[in-house]
Amino acid sequence: MDSILIRGGGALDGQVEIAGAKNACLTLMPATLLAEEPLTLTNVPRLSDITTMTTLLRSLGAEVSSLQDGRVLALSGHGADNPLAHYDIVRKMRASNLVLGPLLARHGQAAVSLPGGCAIGARPMDIHVQGLEALGAEIELKDGYLHAAAPRGLRGGEVTFPFASVGATENVMMAATLARGTTRIHNAAREPEISDLATCLRAMGARIQGDGSATITIEGVDRLHGATHPVIADRIELGTYMLAPAIAGGQVELIGGALELVGAFAEKLHEAGVEVEDTGHSLRVSRTNGRVRAVNVTTRVFPGFPTDLQAQMMALLTTAQGVSVLEETIFENRFMHAPELVRMGARIEVQGGTATVTGVERLKGAPVMATDLRASVSLILAGLAAEGETVVSRVYHLDRGYEQVVRKFSGIGARIERLRS
Ligand code: EPZ
């Protein structure tokens, strides 16, 4: 298994091109199952999760061609006549569950393996099930698979989510596009990826309003047609690279970044003493006036502080002046990066969903282990500012969600290399 070596060093300077959003692409790809005609996605990130979704869609009979060195995907749901999403693929990536709604809408039936837990939490699907049952689906759990059926087709309904689940909003929105009648989703997720999916579905002929707000209305249509859609920029990659100059000092320009993608996160950076400027086509981030200030962070659904940036923010706060309190309210076990940061000299106390970080002057490089996608990159960020060498092992986690991470960090002056083993 490869690892990444970082030599802590001085201030950073340069530009990073922000790629298309992994979490948008993972819900846009299954949308091809809703139409017979081709769906073309551009600005596609080159990530192992995209490869996994490609494998899953092909197993369902869909066609997926990767063009222009992986930047473009040409998909077709034309031959997608297999309604079974197998455990062997689904267990690798929870987002596989996003084929459930489209399969149900297309075939009137689906069997999707429960994804099983992952490092950060149990991650059940009860909200997905509640939403699809409100559209007339009959769903039962058997042998680890969710067996869903809508023999008389799906009908529009009123859905009120107990929690603004991103995946459940995406599954129900996709299923509702072909249901008979109107569906209203209350307490819908408001993440930018939801709006990006709605934009793509509208281009395919769907009738959707209210995406980005807490109430989404979908008027079912008989069929959808093909479309071409550019994947939105990845706000989590954006936030991650914004933290590089924040933790190591210097100035970095993030091409494709926009404040509207990272609202609450950018406000927290500003509160900590980091300058963020929106140039209209990029974000310029700089920290040149000494250590950042401690800040308190509570993760929330969008537009609150994103849980997917909590680990990275913690890395910054380990070297802040003062004591910061981080509250993780979305997942039940998302502090696995804390003990690794402690190995680098950080002072962190974890009590349930709360981590208290007492800033230190400087971290010390050490061998550390990546435990999940976002934790892995928080260790790289810590290594940028640490004294000496940091080696992050199990970097396959990184390859799931960060494209060309060594090239991008090297491009802004980090001393970083990938050690093949
Ligand atoms: C999406 O996961 C993202 N993944 C996650 O990003 C992200 O952390 C999460 O949204 C929250 O923003 C993709 O978009 C592919 P949820 P999702 O349903 O849809 C509980 C990354 O690093 N829940 O909003 O699975 C669940 O257990 C990944 O890129 C239920 O209880 O998130 C969790 O505690 C990690 N029942 C919380 O809600 C359900 O039916 C958030 O889940 C569904 C969810």
Side-chain angles (χ1 to χ4, degrees), residues 19-31 45 47-50 52-53 56 90 92-101 112 114-134 139 141 146 148 159-174 185 187-197 214 231-232 234-240 261-262 264-265 299-312 328-334 336-337 353 370-378 397-403:
K22 167 179 86 78
N23 291 348
C25 208
L26 290 174
T27 189
L28 292 164
M29 291 171 74
L47 303 167
S48 58
D49 271 8
I50 304 304
T52 305
M53 182 59 82
L56 174 60
V90 175
K92 290 195 195 106
M93 182 180 68
R94 174 182 169 79
S96 305
N97 64 15
L98 294 171
V99 301
L100 177 59
V112 176
L114 267 185
C118 74
I120 60 178
R123 306 187 76 180
M125 284 190 60
D126 52 318
I127 305 172
H128 296 245
V129 169
Q130 175 214 333
L132 293 170
E133 284 177 339
I139 302 181
L141 175 62
L146 284 177
V159 182
T160 300
F161 284 153
F163 170 81
S165 156
V166 172
T169 302
E170 290 162 347
N171 252 330
V172 172
M173 194 159 78
M174 287 191 280
I185 306 173
N187 196 22
R190 300 167 54 190
E191 276 70 4
E193 293 75 37
I194 304 282
S195 300
D196 199 40
L197 174 62
V231 178
I232 192 175
D234 192 319
R235 63 193 170 94
I236 306 303
E237 186 193 34
L238 173 60
T240 301
L261 290 172
V262 283
F265 171 74
T299 62
R300 296 275 184 229
V301 296
F302 197 87
F305 189 102
T307 174
D308 292 350
L309 284 170
Q310 177 259 110
Q312 300 90 314
E328 173 54 63
T329 70
I330 306 293
F331 288 102
E332 62 264 34
N333 181 31
R334 206 170 193 179
M336 286 170 297
H337 42 285
T371 50
D372 63 86
L373 167 57
R374 305 305 175 181
S376 50
V377 82
S378 77
H397 289 293
L398 260 177
D399 297 334
R400 291 190 49 189
Y402 288 93
E403 188 186 89

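We're numbering straight along the sequence, starting at 1. Predicted, not measured: the structure shown is a model, and the values here were computed from it. Every number for a ligand or one of its atoms is a count from 1 in the order of the listing.
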* Asked: Does any N or O in the side chain of Glu328 come within less than 3.5 Å of the main-chain N or O of Ile330, such that one atom is a donor and the other an acceptor?
  -> yes

* Asked: How far apart are the closest heavy atoms of Ala148 and Leu100, and which atoms are they?
  -> CB-CD1, 4.1 Å

* May I ask you to identify the nearest protein heavy atom to atom 22 (O) of ligand 1, giving residue, atom name and distance to one decimal place in Å? => Arg374 NE, 2.9 Å

* Pairwise distance OG1(Thr240) to OH(Tyr402) - rounded to 0.5 angstrom -> 3.0 Å

* Subset of ligand 1 atoms that lie under 4.0 Å from at least one heavy atom of Gly167 -> 18 (O), 19 (O)

* Which ligand 1 atoms are under 4.0 Å away from a heavy-atom of Lys22? -> 21 (C), 29 (O)

* Does Arg334 reach ligand 1, in the sense of a heavy atom lying below 4.0 Å from it? -> yes

* Atoms of ligand 1 close to Leu373 [distance to a heavy atom under 4.0 angstrom, numbered from 1] -> 22 (O)

* **Under-4.0 Å heavy-atom contact between protein and atom 15 (C) of ligand 1** => yes

* Asked: Do any nitrogen or oxygen atoms of Arg94 come within less than 3.5 Å of a nitrogen or oxygen of ligand 1?
  -> yes

* To do: Identify, by atom number and element, the atoms of ligand 1 in contact range of Ala95, meaning under 4.0 Å from any of its heavy atoms.
  => 15 (C)

* For ligand 1, which atoms sit closer than 4.0 Å to a heavy atom of Met125? -> 39 (C), 40 (O)

* Do me a favour and list the nearest non-hydrogen protein atom to atom 24 (O) of ligand 1 with residue, atom name and distance? => Val166 N, 2.9 Å

* **Atom of Cys25, atom of Pro30 and distance for their closest heavy-atom approach** => O-CD, 4.5 Å

* **Which segment of Asp126 sits under 4.0 Å of ligand 1 when only heavy atoms are counted** => both

* Structure fact -> One finds that the ligand 1 atoms under 4.0 Å from a non-hydrogen atom of Phe331 are 8 (O), 33 (C), 34 (O)

* Looking at Asn23, which atoms of ligand 1 are within less than 4.0 Å of one of its heavy atoms? -> 3 (C), 4 (N), 6 (O), 13 (C), 14 (O), 15 (C), 21 (C), 29 (O)

* To do: Say whether Ala168 and ligand 1 are in contact under the criterion: heavy-atom distance to a ligand atom below 4.0 Å.
  => no

* **salt_bridge(Glu193, Arg235) N-O dist < 4.0 Å** => yes

* Spatial distance of atom CG (Asn171) from atom CE (Met125) [nearest 0.5 Å] -> 6.0 Å

* Validation row: Thr371, His397 side chains within 4.5 angstrom (heavy atoms) -> no

* Asked: Of the listed options (Thr27, Asp372, Asp308), which comes nearest to atom 5 (C) of ligand 1 when hydrogens are ignored and any heavy atom counts?
  -> Asp308

* **Ile127-ligand 1 polar pair, N/O distance under 3.5 Å** => yes

* Asked: ligand 1 versus Glu170, non-hydrogen atoms closer than 4.0 Å: side chain, backbone, both, neither?
  -> neither

* Quick check: does Leu98 get an N/O under 3.5 Å from an N/O on ligand 1? -> no

* ligand 1 contact on Phe163 by region, counting heavy-atom pairs under 4.0 Å -> side chain

* Any Lys/Arg nitrogen of Arg334 or Asp308 sitting under 4.0 Å from an Asp/Glu carboxylate oxygen of the other? -> yes

* **Distance from atom 2 (O) of ligand 1 to nearest protein heavy atom, with residue and atom** => Arg123 NH2, 3.4 Å

* For Ile330, atoms of ligand 1 separated by under 4.0 Å from a heavy atom -> 33 (C), 34 (O), 37 (C), 41 (C)

